[in-house]
Structures are given as structure tokens and as C-alpha cells.
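Below you'll find the structure, written out as C-alpha cells, and then a few comments.
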Number of protein chains: 2
Amino acid sequence: MVAEKLTAPDPETLVSEAKAAFRDGAMLTVQARCEVEYEGRTSGYLGPGDRILVAKPDGTFLVHQPTGHKPVNWMPGGGSVSARTSEDEAVLLARRTNPSERVEARILEAYGLTRFDATDGATYEESGTEAEMHEYIEENPDVLEEGLRIVEHERESKYGFIDFFARDESGTPVVVEVKRIQATLNHFDQLQRYVSLYEETNDTVRGMLVAPSASERVERALRDNGLEFVELAEFDTDAKGATEAKLTDF
Amino acid sequence: MVAEKLTAPDPETLVSEAKAAFRDGAMLTVQARCEVEYEGRTSGYLGPGDRILVAKPDGTFLVHQPTGHKPVNWMPGGGSVSARTSEDEAVLLARRTNPSERVEARILEAYGLTRFDATDGATYEESGTEAEMHEYIEENPDVLEEGLRIVEHERESKYGFIDFFARDESGTPVVVEVKRIQATLNHFDQLQRYVSLYEETNDTVRGMLVAPSASERVERALRDNGLEFVELAEFDTDAKGATEAKLTDF
DNA sequence: TTTTAAATTTCGATA
DNA sequence: TATCGAAGTTTAAAA
């Protein structure tokens, strides 16, 4: 049986089921009223309430309230989850080192428990990422500017990586920073950092921020600092085209 | 009953249970073999495998594989989740607008389903955040430098907010950027942006990045640009002290 | 292991 | 509603 379920397990049953799941590498889901403590990079406390607890075989531990995308408390994979009874209550504890941290869920009342012996060999395939936007630009530099030549992709500099190092029609060097989302001040900063560095050793250099859009403040910052904004919203690579065809077929 | 559980529901049962849960504002958890599509800011496809699906009453939808902290596919709250049968299979669909996106999980085999009528009025209380680090510095500016006076907290400038605007013992203005984690190049960028701006209208200004640590590259970037790094790892506010006492009592 | 930057980042605060 | 910056960010890639 792939999934085994218990309704309202008592603390001892919950702990023994949890231990068995951890031992066997199964996923564990618990619906419970609980309180939660976190101690690590910061510290925090969550008072009693109803939540879903999920423990994965890689040490991942999640505490989900009835709303919100993010777990209210969690532990990333790499550590381990354990179960024990304490003062007649079941306690789930997730720990890891580097950084050293712990999440402890004290279960005041368990409503349900599911053990799930899951098998999943699939990996997620994604299109429309920034990496694909890079590919598209590399193959079609003219969309940025007529006559632009890409000299180098992901060039390492003293202060970080430049997305593209290029030259315009007249041979002037162009530092290009690419974003697949609306450009932010931090993105402006990044470009400015690379351009400043280049200016230390060379006279003329252009800086170009490529993105589907930019806020007013970002456009002004670029203008004030002699940098350029190039709007690029649409891009299509072979990979993306292939995936889209597949999704349409579905 | 707070949590109701079904083992291996057929598609029709799953859909009707899911609809009822969505209608009543309950949390839904499903253990299933499924395939998943995402279409929105990017697009992607995840082939068949065993996952835990969670739907929350606020429209949050999560698809969790057996490993990893982050859901492989998800929808943040704000939209809605619906259920239907299609070609004799149960399908869960999460949608939202702004941005327009959708996640569709086609359930090939359901192993378990739990409806959870959860009530949770608690809010997470946290200590050790950057906001508390700000409080600590405001009350103890000497930890940054002997004789430093804080003039303004969160000062707005043309290109963003300065954490602290201060003056040193000799009256020279100091722009202070504070991070509670190891300083990154982006943090250096932020400080540099504020300092450059100030230099446009004033002659002398110091820039100070405060953090528990910084990488070699960040330290060099600061040095090369005449900015300063102040190491500050420990800080304690009344709030943090209070919470720590409580956790110790536990 | 450390660093660097992306992310379907999410989230909260602010204007 | 858009923007800005923090986050216990996590994750992946590269050195």
C-alpha cells in the first residue's frame, strides 16, 4: 500500500508511525493543532493552531498554516527529522547543522496522519527562463541594436559576472545586463558596477540594461548615469517553442 | 470532525470531495501520482510521479515532490483552486490573474485524500530580524564607531532608502547600510548608490556597510571605492531578550 | 566549500 | 495598485 492513513492517532501511535516513516524513507503528513518553535538564524515562536506538517525523507520539514504560500516554519533538506513523546505529547523535531538550527512542533492534538511511500523520478522542465533569454540574445543580437556583436557571454570581472560583453557598430565596447522581469534598482546597480569597473581601465564604454520594463525610478537612474535601457519583452528559443507545442497538444 | 480521510478515492469521489472542501474553506491534501503543467511567468511540465498536493482556502496550491524545500510547482494565494474530471481523470487547477498564470495537476492515481477544517488564529513572532538590528544600532551607535551620532533612520533619497544617515565625531556625514547576514555584492551596490548620490550635492561623505561578515570580493570592492566595512555579528534588543527567555522556559 | 546571481522568488510596507 | 527591499530566503552553477 502506497499511502496509509490514521484518524486522530494518540501521541504514542503518532510517534511510532513517524519513526517508521522516517526509517523507511516515506513522506509523512500530519494534520494537527500544534505550537512551533524555531531556533537558528533567527528565533521565533508560533502559538497553538491548526496546521499541516510535512516531513520528507531528505530532512525537509514544513509547517503550513491555512493561508499563505510559504510555510510559517520549515527546515530545508540536509538535516533529519525525529519524533518523540514529551509530557504525554508527540513532538516532531527537525534539525540541521551549517547553519545550526532546529524546528520543534509540539503536537497538542493530532487529527490525521498519512504515511506516503512516494516514488518520483521525474524532473521539472521549464521554458522562458533568463538562461533562454540569453540564448535568444546571443543568436539575435540585432534585437538589442542594429549591428551589435556579442564578444563574450558571462564574462568574469573583478567584481562579478557580466551577462554579455559586446561591441557596437563603431567598435565601442558595450556591457549588457539582461533581466527577464521588470528591471529593479538592484539590476541598475549591477550594471553600474560592471561599467564603473570597465571605466577604470578604458575610456569609452556603454552600459545597456535589457528587460521587458523598468520603473520610473530605474529609468531615471539609468539616464542620470549615462546608461541605456532596451526593452525586450518577447523572446523565443527552440526549446521554448518545442515546449509550447507540447502544451498545446495536451 | 476536523479531518476526514479517504483511501484511494476514485476520480469522481476525489473531485466531489475537493469541491466540497473548496466551498467550505477547508484545507485539502492529496497523495497522488500525477503530472503537472505550469503556464504563466514561465512555462513548464513535470512528468508522472508521486507527490503531495496541498490546496488552501486562500487559493494557495502546492505540489511537493519527495525531496526539496520548495514545491516543484505552486500557486501563491489570491486566486482560486478548482476540481474537475477530464477523460476519466481528476484534475486540480489553480489559477490567478496579475500575473495571469495557472497550475494544472492531472491525477493519474490518487492514493489518499484528507480534508482539514483548520482554525488558526496565531501569528508567528520572530526575533533577530534586520529591523531589530536597526533598533539595536539606533540605541547603541557606538558599536559602529566611537562618537557616531545617528541623524536619521530610513531616510528617503532620490534612488531609494538609506538605512541610517549619521555624522561622525568630526561632523562628517556617514551613510550606513545594515545587513544581518553576510554582505553581498548587491549590498555593496546599494551603499555605493546612496553614497554616489550624496556626493553629487555634497563634498565629503563616508559610506559604511555593517554586517556580520563579507566575502573577499565584497571587502575589496568596498576598499577600492573608499567605503568602509564594520563587522557586527551580535546584537540584542529587549524584544529578542524577552523571546529568548521564553524559549528557555519552555 | 564558498561565492555569485536567479527565482514562476514571496511577503510586507509604503506611497 | 505599483514599487522597493528584506527574507530563517532556497536553489543551482561555478570556482
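Letters A, B, ... are given to chains in the order of the sequence lines, protein chains preceding strands, and every chain is numbered from 1. Values reported hereafter were calculated over all heavy atoms of this structure, with side chains retained and with hydrogens, waters and symmetry mates removed.
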Of residues 46-66 of chain A, the positions that come close to DNA chain C - non-hydrogen atoms, cut-off under 4.0 Å: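 Hits under 4.0 Å, by residue number: none.
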Check every strand shown and say whether [X] touches a base, only sugar-phosphate, or nothing at a heavy-atom separation below 4.0 Å.
X	value
Arg193(A)	sugar-phosphate
Gly40(A)	nothing
Glu154(B)	nothing

Measuring only the [atom1] atom in each nucleotide, how far is [N] from [M]? A whole number of Å is fine.
N	M	atom1	value
dA7(D)	dA5(C)	C1'	16 Å
dG5(D)	dA7(C)	C1'	16 Å
dC11(C)	dT11(D)	P	16 Å

N/O donor to acceptor pairs below 3.5 angstrom from side-chain atoms of residues 217-225 of chain B, sequence neighbours left out:
{"from": "Arg217(B)", "atom 1": "NE", "to": "Lys158(A)", "atom 2": "O", "distance (Å)": "3.0"}
{"from": "Arg217(B)", "atom 1": "NH2", "to": "Glu156(A)", "atom 2": "OE2", "distance (Å)": "2.7"}
{"from": "Arg217(B)", "atom 1": "NH2", "to": "Ser157(A)", "atom 2": "O", "distance (Å)": "3.3"}
{"from": "Arg220(B)", "atom 1": "NH2", "to": "Lys158(A)", "atom 2": "O", "distance (Å)": "3.2"}
{"from": "Asp224(B)", "atom 1": "OD2", "to": "Lys158(A)", "atom 2": "NZ", "distance (Å)": "3.3"}
{"from": "Asp224(B)", "atom 1": "OD2", "to": "Tyr159(A)", "atom 2": "OH", "distance (Å)": "2.5"}
{"from": "Asn225(B)", "atom 1": "OD1", "to": "Gln192(B)", "atom 2": "NE2", "distance (Å)": "3.3"}
{"from": "Asn225(B)", "atom 1": "ND2", "to": "Ala221(B)", "atom 2": "O", "distance (Å)": "2.7"}

Sole residue of Phe235(B), Phe164(B), Phe161(B) in ring-ring contact (aromatic ring centres under 6.0 Å, His included) with His134(B): Phe164(B)
Pairs satisfying salt bridge (charged side-chain N to carboxylate O under 4.0 Å, His left out), at least one member in residues 42-67 of chain A, at least two apart: Arg51(A)-Asp120(B)
Options dT3(D), dG8(D), dA6(C), nucleotide nearest the side-chain atoms of Gln182(A):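 In terms of side-chain proximity for Gln182(A), the closest of dT3(D), dG8(D), dA6(C) is dT3(D).
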Closest to the Arg217(B) side chain, choosing from dA6(D), dT3(C), dA6(C): dT3(C)
Salt bridge (charged side-chain N to carboxylate O under 4.0 Å, His left out) partners of Arg84(A), counting only residues at least two apart: Glu104(A)
Partners passing salt bridge (charged side-chain N to carboxylate O under 4.0 Å, His left out) against Asp189(B) (at least two apart in sequence or in another chain):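 Asp189(B): salt bridge (charged side-chain N to carboxylate O under 4.0 Å, His left out) contacts with Arg193(A).
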Arg180(A) side chain vs Gly128(A) backbone, donor-acceptor pair below 3.5 Å: yes
DNA chain D: 5'-proximal contact among Asn73(A) and Ser215(A) (nearest heavy atom): Ser215(A)
Nearest-nucleotide comparison on DNA chain D, the residue closer to the 5′ end among Thr184(A) and Val72(A): Thr184(A)
dA5(C) phosphate, OP1 or OP2, under 4.0 Å from Tyr194(A) side-chain N/O: yes
B/S/- contact track for nucleotides 9-15 of chain D, protein heavy atom under 4.0 Å: SSS----
Side chain Asn186(A) and base dG5(D) donor-acceptor under 3.5 Å: no
